[in-house]
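Predicted, not measured: the structure shown is a model, and the values here were computed from it. Below, each value reflects all heavy atoms present in this structure, side chains not excepted, and no hydrogens, waters or symmetry copies. Chain A is the first sequence line, chain B the second, and so forth, proteins listed ahead of strands; every chain is numbered from 1.
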Amino acid sequence: MTCNMAERLISAYIDHELSEEDRNRVRQHLAVCSSCMATYTATLEVKRALSSMTPVQCPECVWENVERQVRVIPFQRNARQDRSARPAWSFVKLVIPAAVAGTLIAIPLVQTLFGVSFFGTPDRSQPPAVSSAPSSQLELASPNIQVRTVGTSRAEDVLEGILGDDVWLLQPVQSPGSAARASQSSLDLSDIHESYFMQTSVPGWRYGR
Amino acid sequence: MAGEWVIQLANEYAIARPAQPISKVAEFESLMRRYQNSVYNIALRMSGNPEEARDLTQEAFVRAYRAFDSYKRGTSFDKWLYRIVTNLCIDELRRRKRRPYIESLDQRIMTSDGDELDREIPDMSHNPEIIYDREHLDECLQDALESINPEYRMAVVLCDIEGFSYEEIAQMMGTSIGTVRSRIHRGRRALRERVSPCLKERSQEVSQK
């Protein structure tokens, strides 16, 4: 074995990462080569010095900062997912109104022309899903939400977040950074692009899958 | 029309969703608390700067949380995590190389409370008894680590400070065992040249005492 070859294997020799055959070859070379033996000793010293470097403690604040960020990640992830789904959404936005309009025009025409009745007596016992809320407002669940500020988001992003898998309740604020009114229990969606909301969590509800 | 549909869906998802039995955040927090010192240690040895190490640690855990769904339960969490840490640290150090971190010794220190403090620079030149103590050797090793290629540095840190095998390091760094062996060999060779003077002086100091 040449010195050049031995020198390249010394680190792996120290770390016990050589085959038995290579290990024996390096050992035999070191026994007869003072230069490579000096390299071996110096390398071993470096490894030992690094291994005995004083361990450090992670600052306590790290988890708080990570937690603050992971709490808002659902929005980012879902926003990305929704962006990737936008071509399909655009298609739905065009096709559904067209289909509804077509149906609304076709039904009276068919009824008039052929004397057919499509509907029985309307059943009014089941209220609609968003019963008392005006179309520009979203009712929130509990008036006693424990508000836990984790940041503000645009309404558009917030809705994308809600439609994902993660649990969020929302409180409206005037602008990013301003205090929320905890008593307010609806979101004004009159201008979805300009409204800001404070994200809140619900006591007893759990995050995760 | 679309707005009402979104509101209705948002209402159902955000308000009527039941509690989740397992908390993803709680599970992640438990794992993070177990490994945060080790991750911070790697980040500090890689960056040489406590503030940057804290930021890297936070960012690594945020990335890990984002990818947490892809982590297979029951497999080794630390190796999965260190792969993220490894990629992040090397990317960040490459980026920093293009935009070097410069801090003036005349600049006042900003505390987390917003206060400013004068920087106290210890004058070690007239105190030979503490020059070669543990702290000084750590400093010498840290300076030497920062002077070598980030890939070599990471391989050496994972091997000598964290105690991983070449195979484990290869998995974390996404490379072959041969490449790990080469990186450790080259890294230690460069370190040997820079650290040997410190080690020699230290051993002379110890023998004189």
Side-chain angles (χ1 to χ4, degrees), chain A residues 7-12 15 17 39 42-43 45-47 49-59 61-63 65-67 69-71 73 76-77 92-93 96-97 100 128-130 133 135-141 158-159 162-164 167-170 189 192 204-209, chain B residues 1-4 6-15 17 19-29 32-33 36-37 39-41 44-45 50 54 57-58 61-62 65-66 69 112 134-135 137-138 141-142 156-157 159-161 163 165-166 177 181 184-185 188-189 191-192 195-196 199:
Chain A
E7 200 260 334
R8 279 192 283 118
L9 294 178
I10 279 173
S11 268
D15 294 329
E17 293 277 358
T39 303
T43 308
E45 277 182 352
V46 168
K47 181 180 172 68
L50 286 167
S51 305
S52 62
M53 279 182 92
T54 312
V56 286
Q57 291 285 314
C58 183
C61 61
V62 166
W63 166 246
N65 294 336
V66 170
E67 185 188 31
Q69 291 188 60
V70 301
R71 294 285 187 197
I73 281 172
Q76 297 168 1
R77 191 182 68 229
V92 170
K93 269 200 298 192
I96 288 180
V100 169
V130 189
S135 62
S136 63
Q137 286 192 333
L138 168 61
E139 292 288 333
L140 290 182
V158 162
L159 284 174
I162 290 175
L163 294 171
V167 179
W168 295 95
L169 284 184
L170 312 158
L189 297 178
I192 198 168
W205 289 29
R206 296 283 183 273
Y207 294 90
R209 294 176 189 283
Chain B
M1 292 285 270
E4 283 182 34
V6 168
I7 290 164
Q8 187 174 327
L9 262 181
N11 205 1
E12 288 169 6
Y13 273 72
I15 296 168
R17 193 184 159 96
Q20 300 277 332
I22 301 167
S23 167
K24 181 175 158 186
V25 172
E27 182 190 6
F28 187 78
E29 180 183 358
M32 182 183 147
R33 289 199 183 278
Q36 64 180 3
N37 282 339
V39 171
Y40 180 72
N41 214 23
L44 184 64
R45 296 309 167 211
R54 188 198 60 201
T57 305
Q58 284 171 196
F61 279 113
V62 169
Y65 183 81
R66 283 176 182 160
D69 291 339
S112 55
R134 180 74 255 170
E135 198 177 317
L137 182 61
D138 278 3
L141 288 164
Q142 185 63 51
V156 170
V157 165
C159 181
D160 292 346
I161 298 179
S165 70
Y166 286 12
I177 293 177
R181 181 186 292 179
I184 290 176
H185 158 64
R188 284 204 193 124
R189 186 174 61 188
L191 289 173
R192 208 165 58 215
V195 174
S196 284
L199 290 171

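- Residues B:Tyr166 and A:Asp15 have side chains in contact (heavy-atom distance under 4.5 Å, counting atoms from C-beta outward).
- With a threshold of 4.5 angstrom between heavy atoms, B:Ile184 approaches chain A through its backbone and through its side chain.
- In this structure, the side chains of B:Cys159 and A:Lys47 come closer than 4.5 Å at one or more pairs of heavy atoms.
- The candidate with the highest count of non-hydrogen atom pairs below 4.5 Å against chain B, out of A:Glu7, A:Arg8, A:Glu17, A:Gln57, is A:Glu17.
- Between B:Arg188 and A:Ser11, the shortest heavy-atom distance links the atoms NH1-OG, 3.0 Å.
- Considering only heavy-atom pairs separated by less than 4.5 Å from chain A, the leading option among B:Val195, B:Leu141, B:Val157 is B:Leu141.
- In this structure, A:Val46 and B:Val156 have side chains that are not in contact, with every pair of non-hydrogen atoms separated by 4.5 Å or more.
- Across all their heavy atoms, A:Leu50 and B:Ile161 have their closest contact at O-CG1, 3.6 Å.
- Side-chain contact between A:Val56 and B:Arg45: present, with at least one pair of heavy atoms (C-beta onward) separated by less than 4.5 Å.
- Chain A forms more heavy-atom pairs under 4.5 Å with one residue of B:Arg189, B:Arg54, B:Met32, B:Gln142 than with any other, namely B:Met32.
- A:Asn65 contributes no side-chain N or O that, together with a main-chain N or O of B:Gln58, makes up a donor-acceptor pair within less than 3.5 Å.
- The structure places CG of B:Asp160 at 10.5 Å from OG of A:Ser52, a figure rounded to the nearest 0.5 Å.
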Can you list the steps and then say if A:Thr39 with B:Arg192 is a side-chain contact (heavy atoms from CB on, under 4.5 Å)? CA-CA 9 Å; A:Thr39 303; B:Arg192 208 165 58 215; 3.4 Å; yes
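- For B:Arg181, the part lying under 4.5 angstrom from a heavy atom of chain A is the side chain only.
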